[in-house]
Amino acid sequence: MSQELPHQYLQSEIASIPACARLAVIGKPIVHSKSPQMQQAALDAAGIDMRYIRIQGGLEENDLDHLLKDLHKAGFKGLNITVPFKKKAFQIAEERDALSELCQASNTLIPTATGWKAVNTDGPGFEQALRESFQMELSEKRVLIMGACGGAGLALACQAALSRSPEIILVNRPRPELKELHAKLKACAPDCKISFCHFDSPEFYDAVQRAELIVNATSLGLDESDPMPFPADLLNASQALYDIVTHSTALAKAARGRACRCATGESMLLWQGAYAFEHWFAMMPHVDAMRQALKQA
Ligand code: ATR
């Protein structure tokens with residue numbers, strides 16, 4: 001189906017959405033989301049005559065409930081949910097997958113007869129991104145996650161526990177949620193070695209050196225002037241760094257300078273989208289078409 005790029009709609013404009021729109025990403029703000037280009041390419045490559053659009057949700061108490069009811073009634077085939085609605089979407093859903101249950105947040109909704117099923121494809125998307133970028137299985141690696149209490153870091157930490165990574169080190173600035181997350185993951189994966197620390201804890205640098213996979217899920221690096229979370233000379237060539245920011249950060253550059261394998265968040269964006277498509281249509285999409293569309297977005 002060839003057509004112009006999908007439009008953006010405000011929640012209040014739902015009534016004006018064209019009938020061919022059957023999938024959407026909901027967030028606020030939403031204008032920068034690349035999911036429409038990526039998912040439209042997948043729909044077109046599969047010959048599915050539907051449009052994927054952006055919808056900007058409202059922030060009032062019941063806005064998301066109303067929006068999800070309206071879209072269900074309108075026959076939407078699937079939704080992606082992004083910041084700041086992932087927790088709320090999880091709460092509203094009638095059914096949830098294991099990763100959503102563990103991190104209490106979901107990025108994908110699938111319609112059921114009466115409402116929505118919530119799944120979280122960020123975790124599986126991350127696992128596949130590691131396979132693709134590093135030929136690495138999360139289930140076999142000692143992983144250190146910086147920003148474990150943030151939205152993305154939390155999902156990845158929970159995925160590491162579900163995948164039974166042999167060691168999981170949770171790093172965040174001090175906050176009570178870090179200890180709570182540690183306890184929750186220990187209960188989920190009692191056989192894994194799981195610890196937590198802060199950026200200024202004495203054990204942090206040792207943990208960086210011990211990790212086989214270092215994940216930066218903090219927003220550090222979004223700004224050119226951001227400091228490094230740790231000195232680059234702690235890194236060595238046997239380690240891999242996954243930075244969820246979709247451009248190359250100072251940390252990623254420093255890691256490359258230390259001959260570490262290094263990847264940034266585009267691959268996770270791609271694969272979480274591919275698995276969302278699989279949930280909606282019970283088949284894998286044409287991933288290379290999605291990848292091309294992302295490059296051009
Ligand atoms: P999200 O919407 O994913 O939660 P966020 O609020 O930008 O995004 O935070 C993502 C992560 O980056 C959080 O773990 C956050 O740490 P806090 O829990 O302490 O806020 C982390 N983060 C943001 N700025 C940081 C900084 N300057 N140093 C270290 N961590 C930082």
Side-chain angles (χ1 to χ4, degrees), residues 97-105 119-173 175 177-218 229-244 251-252 255-256 258-265 267-268 271-272 275:
D97 73 345
L99 179 57
S100 295
E101 290 285 3
L102 194 57
C103 67
Q104 308 265 296
V119 300
N120 193 318
T121 67
D122 286 334
F126 173 61
E127 282 201 300
Q128 184 61 18
L130 295 179
R131 286 185 197 110
E132 190 176 71
S133 303
F134 304 139
Q135 297 73 53
M136 176 184 276
E137 286 298 326
L138 182 59
S139 58
E140 293 170 0
K141 297 296 169 189
R142 292 191 295 276
V143 55
L144 177 140
I145 299 169
M146 300 185 291
C149 294
L154 177 64
L156 305 189
C158 290
Q159 183 64 56
L162 286 176
S163 298
R164 299 293 189 270
S165 295
E167 181 171 1
I168 305 169
I169 304 147
L170 308 166
V171 187
N172 210 86
R173 293 186 293 198
R175 54 193 266 189
E177 289 89 337
L178 184 59
K179 204 170 166 190
E180 289 160 17
L181 176 63
H182 176 252
K184 187 160 79 169
L185 297 191
K186 282 296 288 178
C188 164
D191 41 338
C192 300
K193 186 174 172 196
I194 308 179
S195 59
F196 67 94
C197 65
H198 309 130
F199 295 94
D200 54 2
S201 302
E203 64 271 35
F204 175 49
Y205 287 4
D206 277 350
V208 169
Q209 288 177 304
R210 194 167 68 246
E212 294 165 287
L213 169 66
I214 296 167
V215 182
N216 180 30
T218 73
F230 53 77
D233 61 7
L234 293 182
L235 296 170
N236 69 69
S238 72
Q239 295 175 302
L241 174 86
Y242 197 91
D243 198 323
I244 63 154
L251 178 60
R256 285 197 187 95
R258 302 283 300 168
C260 293
R261 289 171 298 162
C262 200
T264 49
S267 50
M268 190 177 143
W271 285 104
Q272 64 75 34
Y275 290 135

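Starting from 1, each residue takes its place in the sequence as its number. Side chains included, hydrogens not; waters and symmetry mates left out as well; all remaining heavy atoms used.
- The backbone N or O of Asn120 sits less than 3.5 Å from a side-chain atom of Asp97, completing a donor-acceptor pair.
- With sequence neighbours excluded, the residues that form a ring-ring contact (aromatic ring centres under 6.0 Å, His included) with Phe199 are Phe204.
- With Tyr242 contributing its side chain and Met268 its backbone, the two residues share a donor-acceptor pair below 3.5 Å.
- Rounded to the nearest 0.5 angstrom, Cys158 SG and Gln104 CD are separated by 9.0 Å.
- Atoms NZ and CG, from Lys179 and Leu181 in turn, are 13.0 Å apart once rounded to the nearest 0.5 Å.
- The distance from atom CG of Leu235 to atom CG of Leu241, rounded to the nearest 0.5 Å, is 7.0 Å.
- Not counting sequence neighbours, the partners of Asp243 by the side-chain hydrogen bond (donor to acceptor under 3.5 Å, both in side chains) test are Asn216, Thr249.
- Asn172 places a side-chain N or O within donor-acceptor distance of the main-chain N or O of Cys149, the cut-off being under 3.5 Å.
- Proximity of a side-chain donor or acceptor of Gln272 to a complementary backbone N or O of Thr121 within less than 3.5 Å is not detected.
- For the atom pair Cys197 SG and Asp206 CG, the distance stands at 9.5 Å (nearest 0.5 Å).
- Separation of atoms CD (Glu167) and CZ (Arg210) is listed at 4.0 Å; rounding is to 0.5 Å.
- Screening Glu137, Lys141, Glu127, Glu140 for a side chain to side chain donor-acceptor pair (under 3.5 Å) with Ser163, the sole residue that qualifies is Glu127.
- In this structure, the ring-ring contact (aromatic ring centres under 6.0 Å, His included) partners of Phe196, at least two apart in sequence or on a different chain, are His182.
- Contact of the Pro124 side chain with the Leu99 side chain is registered, since non-hydrogen atoms from C-beta on lie closer than 4.5 Å.
- Judged by distance alone, the side chain of Gln239 and the main-chain N or O of Val208 form a donor-acceptor pair under 3.5 Å.
- Counting heavy atoms from C-beta on, the side chains of Arg142 and Leu144 never come closer than 4.5 Å.
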